[in-house]
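Presented below is the structure to which this report refers.
This chain uses plain numbering: 1 for the first residue, then up along the sequence. Numbering of ligands and ligand atoms starts at 1, following listing order.
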Amino acid sequence: MSSYHEEQPTVFVLDFGAQYAQLIARRVREARVYSEIVPFDISAEEVSRRKPAAIILSGGPASVYAEGAPHMDPAVLELGIPILGFCYGIQEMALHLGGEIPKTDIGEYGFAELSVTATDSLLLDGVPVTSQCWMSHRDSVGTAPAGFSVTARTATTAIAAMEDPTRGLFATQFHPEVAHTEFGQHIIETFLHHIAGIPPVWTMVNIIDETVALVREQVGTDRVICGLSGGVDSSVVAALLHRAIGDQLTCVFVDHGMMRLDEAEQVVRTFRDQFHIDLIHVDAEDRYLELLAGVTDPERKRHIIGEEFWQVFFEEATKLEGVKWLAQGTLYPDVIESGNKTAAKIKSHHNLIPFPAGVHFDLIEPLKALFKDEVRAVGSELGLPDEIVHRQPFPGPGLAVRIIGDITREKLDTLRSADAIIREEIGAWDTERSVWQYFGVLPDIRSVGVMGDERTYGHPIIIRAVSSADAMTADWARLPHDLLAKMSNRIINEVEGINRVAYDITSKPPGTIEWE
Ligand code: XMP
């Protein structure tokens, strides 16, 4: 698949530290300019060949003097392409162009007041004389390289920004890409739109049109198959492919029976009734329940469900004639390997597909240049409902990892009913979608209670609700007591077999978000 940069003005983000580079790439795209993360040591020849419209040097955790610190090809700085460096990037620039970076051991971390000292700065145009910025560095540039003027400072960092407009080189010691830098996005946009002269043309409509064109070119008149799970990524792939190739697309929805209330119906409604996609809905609940009967080990459950998915999927796929392609919802962060040594290397088929003997489809990955928020925007633009586009992360094995112990139809129904109440109540309260994930868990224990005049011996439901940015760490959500009380009442009154409700107040780490 040819990539966007052949048609789009592209900004290269040199990756000196993965999380910084990804954030910068996203900020550039928010400024409606297409960006790609490239290895920090990309050669000047390759840069010349691929002709980015501008380059940004990311921050990174290393010190430029550290042994094995990542270094760029200095010749990239001489290509005449506008370059902006952040944090580690300003130091790289200074190092290669004859500036000085004294080892002072006086770092600056967190909020700092930025003072613009040169009112004619091109990069800081429109930034007030004082504003807030975010710093995170130990060393800093002591003397700017010849040709550069210093344009801003903070109390502890004399060179907080410098520029040499004649050579098109700009740099900041602070991090414009983080939200804590008040005028960060403004600075990035000034660089992209005014200094590098890149028009803001990377829009959702544009992304869709280009992807559609690329898919058509790649697929021609071949048939494509796509596994649909109801999740955001596979749903957007399906909608996008349908836009591109219409009835050359067949989707297979393997319904394992472990989805939440009404979810399976919604997948069918959306794709078959609304989009008129050729959808094969395989109701495999009985098959799964049989395989899972008596299985209590979480990893075993996951394994069975994963294996069976491909089994069912290929049973259906091989019934179809002339399928050449298998569509996958791989996203940009999935294709970028993190870390400094192997920065921005493309991962090889991170999701290995277990093709049965004698079966092979080529992969088509139409979302592989997009970040998750872009995928959601594309989904909305294509007319997917909010419940799908803003769906919370939901484990592939579904409710199976939220039922502790063995899985039965009855337990699934119980958890589905309680979970629906939790989703309804927190959803109505959390209109801003500030809670990352919320759901119910059905543990394998029973406790004594009393309802009316009768003693009960029922299961509890555990409510889990967390705030998080990326699911790597999470904090339990501080839900209002009234909301917790309402959910507790409703669950006990409306869901048979539940006589107690608990709220999980464990953060991650040490807990995980899911219970299994
Ligand atoms: P944990 O429980 O490890 O979860 O804190 C982190 C995030 O990953 C989701 N999750 C899964 N997603 N298959 C998936 O597709 C799984 O087996 C699985 N287990 C956990 C979880 O919901 C959370 O968002």
Per-atom contacts, ligand 1 versus [X] - under 4.0 Å to a heavy atom:
{"X": "P393", "result": "24 (O)"}
{"X": "K508", "result": "1 (P), 3 (O), 5 (O), 6 (C)"}
{"X": "R302", "result": "16 (C), 17 (O), 18 (C), 19 (N), 20 (C)"}
{"X": "P397", "result": "13 (N), 16 (C), 17 (O)"}
{"X": "Q437", "result": "21 (C), 22 (O), 23 (C), 24 (O)"}

For the NZ atom on K324, are there more than 12 heavy atoms of other groups (residues, nucleotides or ligands in this structure) within a distance under 6.0 Å?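 Check passes, neighbour count above 12.
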Starting from [atom], find the nearest protein heavy-atom neighbour and note its residue, name and distance.
{"atom": "atom 21 (C) of ligand 1", "result": "E514 OE2, 3.4 Å"}
{"atom": "atom 7 (C) of ligand 1", "result": "A471 CB, 3.8 Å"}
{"atom": "atom 13 (N) of ligand 1", "result": "G396 N, 3.3 Å"}

Look only at the side chain of [X] and the backbone of [Y], and say whether a donor-acceptor pair between them is shorter than 3.5 Å.
{"X": "R416", "Y": "M259", "answer": "yes"}
{"X": "S234", "Y": "G329", "answer": "no"}
{"X": "K301", "Y": "G405", "answer": "yes"}
{"X": "N499", "Y": "S447", "answer": "yes"}
{"X": "Q248", "Y": "D222", "answer": "yes"}

Looking only at non-hydrogen atoms, the one of P395, G511, A400 nearest atom 12 (N) of ligand 1 is P395
Take D278 and T250 through the side chain to side chain donor-acceptor pair (under 3.5 Å) test and state the conclusion after the steps.
CA-CA 5 Å; D278 179 24; T250 300; 2.9 Å; yes
Could you tell me whether atom 9 (C) of ligand 1 has a protein heavy atom closer than 4.0 Å?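 Protein heavy atoms within 4.0 Å of atom 9 (C) of ligand 1 - there are none.
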>> Does the plane of the ring in F275 sit parallel, tilted or perpendicular to the ring in H242? Use 30° and 60° as the thresholds.
In response: perpendicular
So for A474 against ligand 1, with non-hydrogen atoms under 4.0 Å, the contacting part is neither
